[in-house]
Protein chains: 2
Amino acid sequence: MAIMGDTLAAATAVGGQYRQPILVAAIEITAREGWSAVTMARLAERIGISRQTVYNEVGSKTALAEAMVAHELDRFLALVGGAFDRHPDDLPGAVYDAVRGVLDLAADNVLLRAVVSATHGGDAELLPLLTTRADTLITEATAILAERVRSHRPGVSAEQIDVAVDVLVRAVLSHVMQPSDTPARTADRLAWLAGRVLDDGSSGVPLRYGGR
Amino acid sequence: MAIMGDTLAAATAVGGQYRQPILVAAIEITAREGWSAVTMARLAERIGISRQTVYNEVGSKTALAEAMVAHELDRFLALVGGAFDRHPDDLPGAVYDAVRGVLDLAADNVLLRAVVSATHGGDAELLPLLTTRADTLITEATAILAERVRSHRPGVSAEQIDVAVDVLVRAVLSHVMQPSDTPARTADRLAWLAGRVLDDGSSGVPLRYGGR
DNA sequence: GACTTGACAAACTCTACGATTCTGTAAATC
DNA sequence: GATTTACAGAATCGTAGAGTTTGTCAAGTC
């Protein structure tokens, strides 16, 4: 799986010149006034195009919702990928950056939280549409994370990595919904845990927990 | 209903003779037809008492909801306590039993899942009332678990235990909402992880993951 | 003394219905 | 290509009236 929005952007950036502005406007309105406040007419008016053009670009309102969710999910996953790119030789560092990034992003991102909320069983009242995509959030995130971790820890068994990654992903999602500390401290703790669980014996990682 | 609710009846049995039947009936109706199907008149009729007696026992419908949630939460926490009682010298074993128990219980327990769902941000459409209690689910569960783990691992730092327990609790809650495997296998993996993270160096716990 | 009965106001839910808005599609126009 | 206009069907909104339910009385019964 390629990094950043490349492959994923292919899913969102394809389309006419108005697709991106429409998505951005739709996300903005949803975040501030809720999904129900998003109407095709309003999007058209705000961007300065005709309603018909909106339909030509996004197809239907359901498709628009899907695209919005995909767009947010891309940011989410791109962030994780970026963190691992920045720390090719430092797994705890990568985990710290990834967790911190996701938590910070989620803090002021209504839509992302709605997606996570939906993943975690909630109704969210605002997007019963994202079920298709949201069902696979844990699966997708786990998959790309496991892939990245595997390259950091070639000596650790796949099963072991799967366990650690599954727990890491679910813990982060849970902290998005119910934070119990600052993003920085949560990231610190999870990074420590990842280092400890996925220690391959070669590094000099101290097993004591220590604040960053 | 595998395990009867009398385990910690002490916490809930306070009150008149009708309190328990009322709670049981309310839980039963909620599980099958939803919270809106629970009316004071219906509870009275089903038990064979007057509506006024129901009010005398539980006070109000909101109080009834609170009592129901408390009742389910007690089962939940008692299960964890029991698992640790059964394995005083085996932390992974205790974690396995606790996780397995919670996951099995949650599988056929609508109300418990509603509580967890609420904790994890969702609305659940059926109990917007449990916010008071549900907010503290993670906190409470983490607290009693940490306490238990501390007695198993006197040599491990409190901070270290807090991190492991927080992650464990959140992972379990997440698996209640979105299982990715059987309760047995999930419990197995989390027990392994707990053993690994909380290894105090004294045990001969193998660091390889192995099926149970 | 504990429980029941009947009565009651206030709040809430259910239903129905017309007005309004929105979606989605099509054709004509620039 | 994009826009405008037009339109049918669906969804939403606001309203108003009927019916339930809640929560609290006080009087009655075992």
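- Each of Leu198(B), Val149(B), Val197(B) was scored for a side-chain contact (heavy atoms from CB on, under 4.5 Å) with Val156(B), with one residue passing: Leu198(B).
- A straight line from CD of Glu45(A) to P of dT4(D) spans 12 Å, rounded to a whole angstrom.
- Distances shown here put a side-chain N or O of Thr53(B) below 4.0 Å from the OP1 or OP2 atom of dT4(C).
- If you measure from atom CZ of Arg19(B) to atom P of dA2(C), you get 17 Å, rounded to the nearest angstrom.
- Salt-bridge check for Arg189(A) with Asp166(B): failed, with every basic side-chain N at 4.0 Å or more from each acidic carboxylate O.
- Heavy atoms of other residues, nucleotides or ligands lying less than 6.0 angstrom from CD of Glu33(A) number more than 12.
- How far CG of Leu173(B) is from CG of Leu173(A): 12.5 Å, rounded to the nearest 0.5 Å.
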- prompt: Reading nucleotides 21-26 of chain C 5' to 3', which nucleotides get B (base under 4.0 Å from a protein heavy atom), which S (sugar-phosphate only), which -?
  reply: -SBBBB
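- Arg75(B) and Glu72(B) are joined by a salt bridge, as a carboxylate oxygen and a charged side-chain nitrogen come within less than 4.0 angstrom of each other.
- Glu57(A) places its CD atom 11 Å from the C1' atom of dA2(D), with the value rounded to the nearest Å.
- Across the protein-nucleic acid pair, Leu43(B) atom CG and dG23(D) atom C1' stand 15 Å apart, rounded to whole Å.
- The pair Arg42(B)-Glu28(B) fails the salt-bridge criterion, with no side-chain N (NZ, NE, NH1 or NH2) lying under 4.0 Å from an Asp/Glu carboxylate O.
- What separates CG of Asn56(B) from P of dC25(D) is a distance of 12 Å, to the nearest Å.
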